[in-house]
There are 2 protein chains.
Amino acid sequence: MASEEGVIKIIRNKQVILRDYVSGFPKESDMQVVSSGTIKLKLPEGCEGVLVKNFYLSCDPYVKGRMTKRDPGSRYLDSFNPGSPISGYGVGKVLESGDSKFKEGDLVWGITGWEEYSLITGIATQSLFKIHNTHDVPRSYYTGILGMPGMTAYAGFYEVCSPKKGETVFVSAASGAVGQLCRPVCKALWYFPEGIDIYFDNVGGKILDAVLLNMRMNGRIAGCGMISQYNLEQPEGVHNLMSLIMKQVHLKGFLVFNYNHLYGKFLERVLPAIKKGKITYVEDVAEGHESAPAALIGLFAGRNVGKQVVVVSRE
Amino acid sequence: MASEEGVIKIIRNKQVILRDYVSGFPKESDMQVVSSGTIKLKLPEGCEGVLVKNFYLSCDPYVKGRMTKRDPGSRYLDSFNPGSPISGYGVGKVLESGDSKFKEGDLVWGITGWEEYSLITGIATQSLFKIHNTHDVPRSYYTGILGMPGMTAYAGFYEVCSPKKGETVFVSAASGAVGQLCRPVCKALWYFPEGIDIYFDNVGGKILDAVLLNMRMNGRIAGCGMISQYNLEQPEGVHNLMSLIMKQVHLKGFLVFNYNHLYGKFLERVLPAIKKGKITYVEDVAEGHESAPAALIGLFAGRNVGKQVVVVSRE
């Protein structure tokens, strides 16, 4: 796949393009799979980036936010550009590297394009992780339990919520990529006669409002995501915030990017648990770029069972 | 005023009574000043409480919450009983004490009744503080800057918000009892071109919603009170909670009762500042029990200028 001596391959690069900014609920037709693009399978002269062949693309709810038009700088992640490919977390193989941390043949996970081949440059290379364990667990797991959603569950639960033995924990969207990773560490209770000490909120809106009324004294809420709100023109109102005061609750919003330094510690804990079968992890795998738009849309209809992945190549 | 040898005085005890549970905006007519009651100026045999003559009564927004009917145990403070006097923070003099921490003649502040004389017993004696400094500052200050609101500002700002030099701080209801105590420690800015690091929220509702959009990365919000919501049948919705996630903001509700152990440290800091004139503190003083209902209602119409106090006796 890499360039042969003296010959630079220019090949087709199938892409999933954002047609135009989305408002409200996203539709498959907001995206388009195009095969018209090509890519030079060679890093530009002096480029310190990484040329990657993509294997797995990850469907994550936050991607919707980047499909909408935002004032530059007003939000934590910029909008995609209409006419350009969608980007998101993925797993791939390094074809050529101008970055000393990676070399040809390395398996990596991080932010990549929804396309066959991606040139990853600039700040995106800083959140590209090398995959050392390539035998005992499926590579696709690095889009989920061993990737960003896994780290999100870990950071949100252990670092943000400071759980103590015996506390009751409620996780919303517990079958999603983040939620199902919280389950091994929590009792999956849905009935809390004595209230909730820790709420890991992936949903926001009405569920958050209901949980607020049931928080216990000195409870903690990890604000991880609000999937119930992402497709609304205006976010819903949350009414029961007085509970935060009356129960001395700490609601802490967090972004997983700020916990990257804990990734090694996280793997040490989770990899053995997966190998021993102590963690059950479910994936919903769609096949090919053509299936990517429907897979992404499905997240917001609750169509996926387990972590939604798109496989675009197996080697 | 205390009992003379062998004679137990039974005297009139004017009281401000809650007529019935309040829903919506409280009115003066929800309360009634009655002079029909009497009190024995003698502690009951074996009583470990404190008999107090009240000097100053404090009008605080949280009192409204206790005037509404609540399910027992559902909130952090119980409802008042219709037909009984309102209670709240006040300053008074000990006439007789069955509690070894207090003796006849001590000046004290804490939860007392809206009446001339109160028998303070049980858990209420635990939040009764002895006033040591009785010369350099007005006694009424112990309903405000040197009492619960002062401690609230101190605990909320220093303990909950962990301010760092150079951070921008916004305090809502900055002319109220708590808000004006925050001012000496904050820049009183109302225009934040670069966003807000710390928000001390006394108001909730629409102000909170607007501030959420203007929080800076890693900002902190102290949830102290939500006066804009106390008279609504249903609390308003707050829409911009996604900002908590996108900016990694910590919203921490707190109750001042849990910071009582810091009261000595607080006094050491604030008393010298008051004596040196470094803190300007404004009181709005109403005269007599008869003026108490209007003084309390005025809080919710923004009628008071400075801390609202009712003086019911001067010695």
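The analysis underlying the following values was restricted to heavy atoms, covering all of them including side chains, and did not include hydrogens, waters or symmetry mates. First the proteins, then the strands, lettered A, B, ... as listed; each starts at 1.
Relative orientation of the A:H261 and A:Y259 rings is parallel, given thresholds of 30° and 60° on the angle between their planes.
Taking 4.0 Å as the cut-off between side-chain N and carboxylate O, B:K27 and B:D30 count as a salt-bridged pair.
Heavy atoms closer than 4.5 Å to chain A are found in the backbone of B:E236, but not in its side chain. In this structure, the portion of A:V249 lying under 4.5 Å from any heavy atom of chain B is its backbone and not its side chain. Contact annotation for A:N258: only side-chain heavy atoms (C-beta onward) come within less than 4.5 Å of a heavy atom of chain B. Neither the backbone nor the side chain of B:N218 comes within less than 4.5 Å of any heavy atom in chain A. With a 4.5 angstrom heavy-atom cutoff, B:I221 does not touch chain A via any of its atoms.
Ranked by heavy-atom pairs shorter than 4.5 Å toward chain A, the options B:G65, B:G205, B:G204, B:C224 are led by B:C224.
Ring-centre distance between A:Y263 and A:W109: below the 6.0 Å cut-off.
With contacts defined as side-chain heavy-atom distances shorter than 4.5 Å, the pair B:F129/B:N260 qualifies.
For B:K69 (side chain) and B:Y21 (main-chain N/O), no donor-acceptor pair under 3.5 Å exists by modelled atom type.
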